[in-house]
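Taking it in order: structure first as C-alpha cells, then the write-up.
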Amino acid sequence: MFRELRRKNQLLSEKESIDILNRNTSGTLACTGDNGYPYAVPLSYVYSDGKIYFHCAVEGHKLDAIKCNSKVSFCVIDTDDVLPEKFTTRYKSVIAFGKARIIEDDNEKRKTLEILARKYSPNDDAAIEKEINAAIDRTYMVEIDIEHMTGKEGIEFTRLRNS
C-alpha cells in the first residue's frame, strides 16, 4: 500500500522517528486542497500515543480539505545543515501518512488541547486551563491516525554513523 524507502540504508528506526516527532514543534500538513491542487500548510503539533494532533479554527481551508479527503501526510524536518562544499545537506526528517479526523466533542477536544498545550507550556496549569476555556468554542482539534511512517537521514549522517 505504501512505498518502501528506496535508500534503505538511510532509514531511521521507529524510535528515532518518534524522537524526531517528540523533539520538534512544527511540521507541514499536506492534503488535497481546492480543485484537486495539493495543499501544504505548516503548523504546530504534538505527537501522542501514535497520533499527531493539531488545532485549528472551526472553518478554513484545512478543515474543508480534510472533510473532502481525510488522507493526509505530515512532514517534520529535524535537521537541515547545508554543506556547501559538498552541494548537499545533512538532514533528518519524518513523513507520516494517515487519516485525519476532526475532533468536535468538547471532552475529547479539551483532553487533546491539554496535551498540545503541555508540549508548549509544560509548567503553567492555570494558564493552560484559562486558554482552553477561552478557545474551546472557537477551536477544533484534528487527530492524524498514523498508518505509515518513515524517518530518513541524509547520506552524510549515514556515513558518520557507519564510520
Side-chain angles (χ1 to χ4, degrees), residues 2 5 10-33 38-82 89-154 157 160-161:
F2 293 97
L5 189 65
Q10 292 172 246
L11 181 68
L12 298 176
S13 70
E14 181 178 14
K15 182 192 179 315
E16 289 171 303
S17 296
I18 290 169
D19 287 346
I20 287 171
L21 291 176
N22 282 324
R23 175 168 54 242
N24 287 276
T25 58
S26 65
T28 302
L29 174 73
C31 44
T32 305
Y39 177 63
V41 59
L43 49 83
S44 301
Y45 73 95
V46 64
Y47 173 84
S48 179
D49 294 325
K51 298 177 189 309
I52 295 167
Y53 297 96
F54 62 90
H55 74 293
C56 60
V58 295
E59 59 183 44
H61 199 165
K62 280 190 298 283
L63 284 179
D64 292 344
I66 290 166
K67 287 175 184 175
C68 287
N69 184 352
S70 65
K71 292 180 181 177
V72 299
S73 67
F74 189 76
C75 177
V76 173
I77 298 171
D78 184 51
T79 305
D80 186 26
D81 300 324
V82 176
T89 60
R90 186 172 32 232
Y91 68 88
K92 290 185 182 183
S93 62
V94 172
I95 299 176
F97 297 87
K99 290 196 178 131
R101 178 178 70 88
I102 300 163
I103 298 171
E104 298 180 57
D105 174 76
D106 280 348
N107 290 329
E108 187 177 8
K109 194 180 350 175
R110 181 174 292 280
K111 177 184 167 195
T112 54
L113 272 166
E114 186 173 329
I115 292 168
L116 179 69
R118 289 203 181 285
K119 177 174 184 170
Y120 296 91
S121 249
N123 300 317
D124 200 342
D125 292 346
I128 288 172
E129 186 67 22
K130 182 179 178 184
E131 185 66 23
I132 289 173
N133 287 336
I136 195 137
D137 291 332
R138 55 185 169 80
T139 304
Y140 281 154
M141 286 296 290
V142 178
E143 170 192 272
I144 301 173
D145 186 16
I146 298 172
E147 296 178 359
H148 180 73
M149 178 173 64
T150 56
K152 183 181 176 186
E153 66 184 6
F157 271 128
L160 281 173
R161 186 190 304 243

For this session: To the nearest 0.5 Å, tell me how far T89 OG1 sits from K92 NZ.
Result: 13.0 Å

Exercise. Is the closest side-chain heavy-atom distance between C75 and I95 below 4.5 Å?
Worked result: yes

For this session: Kindly check if the number of other-residue, nucleotide or ligand heavy atoms within 6.0 Å of CD1 (I115) is above 12?
Result: yes

Problem set entry | Approximate separation, where rounding is to 0.5 Å, of K51 NZ and I146 CD1 | 8.5 Å

Exercise. Is there side-chain contact between C56 and V142, with heavy atoms separated by less than 4.5 Å?
Worked result: yes

For this session: Rounded to the nearest 0.5 Å, what's the gap from OG1 on T32 to CG on N69? Could you check?
Result: 4.5 Å

Exercise. Between D125 and R118, is there a salt bridge with N-O shorter than 4.0 Å?
Worked result: yes

Exercise. How would you list all residue pairs meeting salt bridge (charged side-chain N to carboxylate O under 4.0 Å, His left out) that involve residues 53-79, not counting sequence neighbours?
Worked result: R23-D78

For this session: Could you tell me the separation between the CZ atom of R90 and the OG1 atom of T79, rounded to the nearest 0.5 Å?
Result: 9.0 Å

Problem set entry | Inter-residue atom distance T112.OG1 - F54.CZ, 0.5 Å rounding | 11.0 Å

Exercise. Does a side-chain N-to-carboxylate-O contact under 4.0 Å join R110 and D106?
Worked result: no

Exercise. Are any non-hydrogen side-chain atoms of Y140 and I102 less than 4.5 angstrom apart?
Worked result: yes

Exercise. Is V94 close to N24 at the side-chain level, that is, under 4.5 Å between some pair of heavy atoms?
Worked result: no

For this session: Could you check if a side-chain atom of Y47 sits within less than 4.5 angstrom of a side-chain atom of V76, using non-hydrogen atoms only?
Result: no

Exercise. Under the 3.5 angstrom rule, does the side chain of S17 hit a backbone N or O of S13 as a donor-acceptor pair?
Worked result: yes

Exercise. Which heavy atom in T28 sits nearest to a heavy atom in A40, and how many Å separate them?
Worked result: CG2-CB, 3.8 Å

For this session: Check whether any side-chain N or O of Y120 sits under 3.5 Å from a backbone N or O of Y45 as a donor-acceptor pair, and report yes or no.
Result: yes

Seminar exercise, completed: Residues M149 and I18: closest non-hydrogen pair is CE-CG1, 3.9 Å

For this session: Would you indicate whether the side-chain heavy atoms of I20 and L12 approach each other to under 4.5 Å?
Result: yes

Exercise. Shortest non-hydrogen contact from M141 to H55?
Worked result: SD-CB, 3.5 Å

Exercise. Looking only at heavy atoms, which two atoms of I128 and S121 are closest? And how far apart?
Worked result: CD1-O, 3.2 Å

Problem set entry | T139 side-chain N/O to I136 backbone N/O, donor-acceptor pair under 3.5 Å | no

Exercise. From K111 NZ over to L116 CG, what is the distance, rounded to the nearest 0.5 angstrom?
Worked result: 14.0 Å

Exercise. Does the Q10 side chain pair with the main chain of E153, one donor and one acceptor, at a distance under 3.5 Å?
Worked result: yes

Exercise. Would you call the rings of H61 and Y39 parallel, tilted or perpendicular if under 30° counts as parallel and over 60° as perpendicular?
Worked result: parallel

Exercise. With side chains defined as the heavy atoms from C-beta onward, is the minimum distance between E147 and D145 less than 4.5 Å?
Worked result: no

Exercise. Do other residues, nucleotides or ligands put more than 12 heavy atoms under 6.0 Å from the CD atom of E108?
Worked result: yes

For this session: Grab the two heavy atoms, one from I52 and one from A96, that are nearest each other, plus how far apart they are.
Result: CD1-CB, 4.1 Å

